[in-house]
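Below is one structure; the comments refer to it alone.
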Amino acid sequence: MSDSELVSQRRANFEELLALGIRPYPNAYDATHRVADIVATYGEHAGEALEAEHVPVRAAGRILGLRTFGKANFLVLSDGVATLQVYIRQDSVPAEAFAMFKLLDFGDQVGVEGRLFRTRTNELTIWASGLTFLAKSFLPLPEKWHGLQDIETRYRQRYLDLIVNPDARRVFDVRARTLKTIRGFLDARGYLEVETPMMQSIAGGALARPFVTHHNALDMKLYMRIAPELYLKRLVVGGMDRVYEINRNFRNEGISTQHNPEFTMLEFYQAYVDYEHLMRLTEEMFAEVALQTIGTTDLTFGEHAISFAAPFRRLSLRHAAAERASERLQRSVDVDMLRDEATARSIATALGLAVPEGVGAGKIATEIFEALCEDDLIQPTFIYDFPTEVSPLSKQKPDDPDTVERFELYAGGFEVANAFSELNDPSAQRRRFEGQLADRARGDAEAHQMDEDYIRAGKGSASTASSCCSPTAPASAT
RNA sequence: GCGCCUGUAGCUCAGUCGGUAGAGCAGCGGCCUUUUAAGCCGUUGGUCGUGGGUUCGAGUCCCACCGGGCGCACCA
């Protein structure tokens with residue numbers, strides 16, 4: 001049977017409804033409850049209690065199930081969050097309502113008026129006394145048991161996925177609660193939420209390839225931002241000592257279930273604190289988000305049980321890399337060996353890693369870490385003290401110029417946050433940018449571009465400050 | 001970009017050694033006044049991703065292209 005035939009059958013049912021004098025698209029339905037509210041409020045009430053209370057309800061929703069028995073029928077009503085059964089007896093509803101019911105299709109929307117009771121099998125149900133037609137679904141929906149499996153269809157026809165797969169809605173719910181919790185957490189600590197430019201003349205603040213666009217009136221090439229960092233830091237220069245932004249960033253790179261070209265990220269800045277402070281703040285925030293969104297800090301991610309109870313484990317990057325390299329190579333590798341370019345390079349080669357010429361010890365150490373350690377960081381772990389070479393915007397440690405005060409948080413094998421003490425010496429910042437330009441000249445397309453305005457802003461005296469950014473994928477909370 | 005897998009009814013999937021297209025659900029017509037993936041009887045529905053090739057004969061084998069999934073690379 002062709003698609004159009006299934007559609008025309010539904011259309012025929014619709015025509016019959018019109019012939020009955022049913023108003024096809026009413027402007028509103030005066031519901032007393034949402035389906036989810038009824039389930040939440042009366043889900044635990046016993047049948048006798050419901051009979052005694054005689055609870056009257058009117059609720060609207062989509063028909064996600066039909067079980068017909070001639071004169072006694074059941075339909076499953078969904079409001080997108082919860083489902084509730086409706087019992088429709090021929091002798092309990094007006095004749096025209098019963099005639100209308102017989103023309104309903106899976107997917108149609110109706111309003112139901114009635115009272116709550118429990119069936120013999122103890123299921124909470126509305127005993128319908130009235131039925132109102134609200135909207136026709138002309139699309140044949142996926143079957144109820146296997147649902148919609150095809151991943152492409154699920155993403156391209158998200159409405160179908162939402163109708164038939166309850167988990168699809170849950171992702172939206174968890175995401176919304178996550179963002180709400182983060183905002184509440186930061187607002188309560190005196191942070192101000194801002195929005196900064198998404199189209200920038202220089203795409204800076206991160207190492208990534210940007211999308212390019214064009215402004216007609218200015219006849220000017222613009223980049224979609226890869227990070228809000230440099231603009232947020234300008235606000236810090238202007239005296240905003242605690243700011244954050246939750247918004248989209250655009251990176252012109254590979255697409256996968258873990259990498260969306262346009263993704264939402266949180267970035268926040270706090271003046272007069274260093275990265276130690278941010279580590280404590282970050283672990284508090286993750287624990288709070290977990291508690292507020294799923295009610296516990298202990299969750300299951302894939303095959304792993306993960307605990308987001310603070311404090312999190314801490315491990316320096318070079319220690320993590322050296323430890324793993326030792327295990328892998330069956331010989332002693334220590335942190336100092338990773339600070340010497342020739343030695344680090346020979347270790348990388350022994351590990352089978354291809355390291356380009358002209359790359360320093362810092363970048364080599366970072367590559368060893370990424371290749372050997374990342375996937376195994378299941379429990380939340382702060383990896384801290386990054387090589388200066390890979391961190392052009394971070395402040396060096398007072399006693400170690402090759403190392404910056406920076407950390408990344410890992411959980412479930414993913415990087416979930418990146419933070420550092422902000423470099424606020426404009427002369428040092430210029431030298432760092434120049435180093436990046438040299439990398440770019442050697443062919444590193446992701447090296448940072450020079451940003452004169454950012455340096456000029458820095459000359460206006462940026463506070464000592466720290467910032468943290470984190471993609472707000474619900475992966476951390478599901 | 002590379003590798004592996006995949007595309008058959010609205011949905012979920014079978015289809016053996018190459019022999020002329022199948023099931024369940026959905027739909028349609030019946031029966032049934034507390035069902036739970038309701039059940040029972042009957043029944044409709046296909047350009048087997050597209051194009052070429054091999055063959056007496058292709059859903060099946062070969063080639064190309066298109067779409068999709070996973071892994072790698074890149075990256076968050």
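Everything numeric in this text was worked out from a predicted model, so none of it was measured.
- With respect to A:D91 and A:K71, no salt bridge is recorded, no charged nitrogen being found less than 4.0 Å from a carboxylate O.
- As rounded to whole Å, 16 Å separates atom P of B:A73 from atom CZ of A:R209.
- Residue whose closest nucleotide on RNA chain B sits further toward the 5' end, between A:R10 and A:L148: A:L148.
- The separation between A:K363 atom NZ and B:C74 atom C1' is 12 Å, rounded to whole Å.
- Electrostatic pairing of A:R248 and A:E262 counts as a salt bridge here, judged by a charged N lying under 4.0 Å from a carboxylate O.
- Counting non-hydrogen atoms of other residues, nucleotides and ligands closer than 6.0 Å to NE2 of A:H45 gives a total above 12.
- Using a 4.0 Å cut-off on heavy atoms, the residues of residues 80-101 of chain A that approach RNA chain B are A:Q85, A:Y87, A:R89, A:D91, listed by number.
- In this structure, the separation between OG on A:S421 and CD on A:E405 is 3.5 Å, given to the nearest 0.5 Å.
- By the 6.0 Å and 45° rule, A:R11 does not stack over the aromatic ring of A:F14.
- Separating the CD atom of A:E367 from the C1' atom of B:A73 is a distance of 13 Å, rounded to the nearest angstrom.
- The separation of B:G29 from B:C70, taken at their P atoms, amounts to 41 Å, rounded to a whole angstrom.
- Within the 4.0 Å cut-off from OP1 or OP2 of B:U34, not a single side-chain nitrogen or oxygen of A:N122 is found.
- Summarising the geometry, the separation between CH2 on A:W127 and P on B:U33 is reported as 14 Å, rounded to the nearest angstrom.
- Here the separation of B:A64 from B:C2, taken at their P atoms, is 13 Å to the nearest Å.
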Can you tabulate the close N/O pairs, meaning under 3.5 Å, that link protein atoms to atoms of nucleotides 29-32 of chain B?
unit_1 : atom_1 : unit_2 : atom_2 : d
B:C32  : N4     : A:G70  : N      : 3.4

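- At the phosphate of B:U35, neither OP1 nor OP2 sits under 4.0 Å from any side-chain N or O atom of A:R67.
- Partners of A:R115 under the side-chain hydrogen bond (donor to acceptor under 3.5 Å, both in side chains) rule, at least two apart in sequence or in another chain, are A:E51.
- The C1' atoms of B:G24 and B:G15 are separated by 15 Å, rounded to the nearest whole Å.
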Below 3.5 Å is the cut-off: list the nitrogen or oxygen pairs between protein and nucleotides 66-68 of chain B, distance only.
unit_1 : atom_1 : unit_2 : atom_2 : d
B:G68  : OP1    : A:R156 : NH2    : 2.7

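- Comparing A:R118 and A:F250 by the nucleotide of RNA chain B that holds the closest heavy atom to each, the one mapping nearer the 5' end is A:R118.
- Note on A:R251: a base of the nucleic acid sits closer than 4.0 angstrom, heavy atoms only.
- Taking a pair as Watson-Crick or G-U wobble with both distances under 3.5 Å, the runs of three or more consecutive pairs in RNA chain B are B:1-7 with B:66-72, B:10-13 with B:22-25, B:27-31 with B:39-43, B:49-53 with B:61-65.
- Of the P atoms belonging to B:C66 and B:C74, the separation is 26 Å, rounded to the nearest Å.
- In this entry the distance linking CD1 of A:I126 with C1' of B:U34 reads 15 Å, nearest Å.
- A heavy-atom distance below 4.5 Å is found between the side chains of A:L393 and A:E229.
- Under the rule for a side-chain hydrogen bond (donor to acceptor under 3.5 Å, both in side chains), the partners of A:D173 that lie at least two apart in sequence or sit in another chain are A:R169.
- When the nucleotides B:G10, B:U34, B:U35 are ranked by their closest atom to the side chain of A:P140, B:G10 comes out on top.
- Using a 4.0 Å heavy-atom criterion, one finds that A:F106 contacts no nucleic acid atom at all.
- Atom pair A:F117:CZ and B:U35:P shows a separation of 10 Å (rounding to whole Å applied).
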For residues 196-203 of chain A, which side-chain donor-acceptor pairs fall under 3.5 Å, sequence neighbours excluded?
unit_1 : atom_1 : unit_2 : atom_2 : d
A:T196 : OG1    : A:R225 : NH1    : 3.2
A:T196 : OG1    : A:E245 : OE1    : 2.6
A:Q200 : NE2    : A:P197 : O      : 3.2

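- Here B:U35 is the nucleotide among B:U35, B:A76, B:U12 with the atom lying nearest to any side-chain atom of A:F74.
- For A:E193, the salt bridge (charged side-chain N to carboxylate O under 4.0 Å, His left out) partners are A:R183, not counting sequence neighbours.
- For A:F106, the side chain to side chain contact (heavy atoms under 4.5 Å, CB included) partners two or more places apart in sequence, or in a different chain, are A:R10, A:L64, A:L141.
- Listed candidates were B:U34, B:G10, B:C28. Nearest to the side chain of A:L6 is B:G10.
- Nucleotides B:U43 and B:U47 have their C1' atoms positioned 24 Å apart, rounded to a whole Å.
- Distances were taken from every side-chain heavy atom of A:P142 (C-beta onward) to each of B:U33, B:C11, B:A76; the shortest belongs to B:C11.
- In terms of the ring pair (Phe, Tyr, Trp, His ring centres under 6.0 Å) criterion, A:F172 has no residue partners (sequence neighbours excluded).
- By the 30° and 60° cut-offs, the orientation of the rings of A:F74 relative to A:F69 is perpendicular.
- Between the A:T125 side chain and the A:E123 main chain, a donor and an acceptor come within less than 3.5 Å of each other.
- Shown here are the side-chain hydrogen bond (donor to acceptor under 3.5 Å, both in side chains) partners of A:D167, two or more places apart in sequence or in another chain: there are none.
- A gap of 22 Å separates the P atoms of B:C5 and B:A9, to the nearest Å.
- A:E367 is linked by a side-chain hydrogen bond (donor to acceptor under 3.5 Å, both in side chains) to nothing, counting only residues two or more places apart in sequence or in another chain.
- The same atom, C1', is picked in B:C56 and in B:C72; the two are 46 Å apart, to the nearest Å.
- Taking the P atom of each, B:C17 and B:G53 are spaced 27 Å apart, rounded to whole Å.
- Straight-line distance from the CG atom of A:L75 to the C1' atom of B:A37: 16 Å, rounded to whole Å.
- In this structure, the CD atom of A:Q157 is 12 Å from the C1' atom of B:C11, given to the nearest Å.
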